[in-house]
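Position 1 is the first residue of the sequence; numbering continues from there. Remember, it's a predicted structure, so these values are computed and weren't measured experimentally.
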Amino acid sequence: MSSNQPPAERREVTVRRAPKFVPFLVLGALAGFGAAAIAAFGVPADEDFDPGAVFGFLMITFGAAGAVLGAVLALILDRRSVRRQQRVVVESVPDSEPDTDPQP
């Protein structure tokens, strides 16, 4: 280490593993779509209603319910990650050599 570099900075930070909400919402909606398909086409149909229209209605209803359940699960896991957070000390390390390669 050369003598002209400043000393490394030390800080205490909080580290936790928080879930990403969008994948939970999407997965919940997809599960709702699957449940809608089973409910619309897996049971005997009523001749008064078109199975495609029933599936469309159930897809919206079950998809929204699945997205809400996915969000609730993500919130529960997020709350759990807050309880398991850790405090760590990090230290910044200056670059030993400057970057000379152009970035693509």
Non-neighbouring partners of [X] that pass side-chain contact (heavy atoms from CB on, under 4.5 Å), sequence neighbours left out:
| X | answer |
| --- | --- |
| Phe57 | Thr61 |
| Val26 | Val22, Leu30 |
| Val88 | Val13, Val15, Val90 |
| Leu69 | none |

Checklist entry - Sequence neighbours excluded, which residues qualify as ring-ring contact (aromatic ring centres under 6.0 Å, His included) partners of Phe41? => result Phe55
Heavy-atom closest pair, residues [X] and [Y]:
| X | Y | value |
| --- | --- | --- |
| Ala39 | Leu58 | CB-CD1, 3.9 Å |
| Ala40 | Pro51 | CB-O, 4.5 Å |
| Pro19 | Phe24 | CB-CE1, 3.6 Å |

Item to check | salt bridge (charged side-chain N to carboxylate O under 4.0 Å, His left out) against Glu47, all qualifying residues, sequence neighbours excluded | outcome: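 Salt bridge (charged side-chain N to carboxylate O under 4.0 Å, His left out) check on Glu47 returns nothing, list empty.
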Next on the checklist: Considering only residues two or more places apart or on different chains, which pairs with a residue in residues 27-41 satisfy side-chain hydrogen bond (donor to acceptor under 3.5 Å, both in side chains)?
Outcome noted: none
Item to check | Where at least one partner belongs to residues 21-41, residue pairs that pass side-chain hydrogen bond (donor to acceptor under 3.5 Å, both in side chains), sequence neighbours excluded | outcome: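 Listed once each, the pairs would be none.
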Determine all donor-acceptor pairs shorter than 3.5 Å in which one atom belongs to a side chain in residues 70-84; sequence neighbours excluded.
| unit_1 | atom_1 | unit_2 | atom_2 | d |
| --- | --- | --- | --- | --- |
| Asp78 | OD1 | Arg16 | NH1 | 2.9 |
| Ser81 | OG | Arg16 | NH1 | 2.8 |
| Ser81 | OG | Asp78 | O | 2.7 |

Item to check | Set of side chain to side chain donor-acceptor pair (under 3.5 Å) partners for Arg87, sequence neighbours left out | outcome: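 Result, side chain to side chain donor-acceptor pair (under 3.5 Å) vs Arg87: Glu12, Thr14.
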Item to check | Contact list for residues 23-34, test salt bridge (Lys or Arg N to Asp or Glu O under 4.0 Å), sequence neighbours left out | outcome: none
Next on the checklist: Do Ile38 and Phe33 land in one hydrophobic cluster if side-chain heavy atoms of ILVMFWY residues count as linked below 4.5 Å?
Outcome noted: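 Shared cluster, no.
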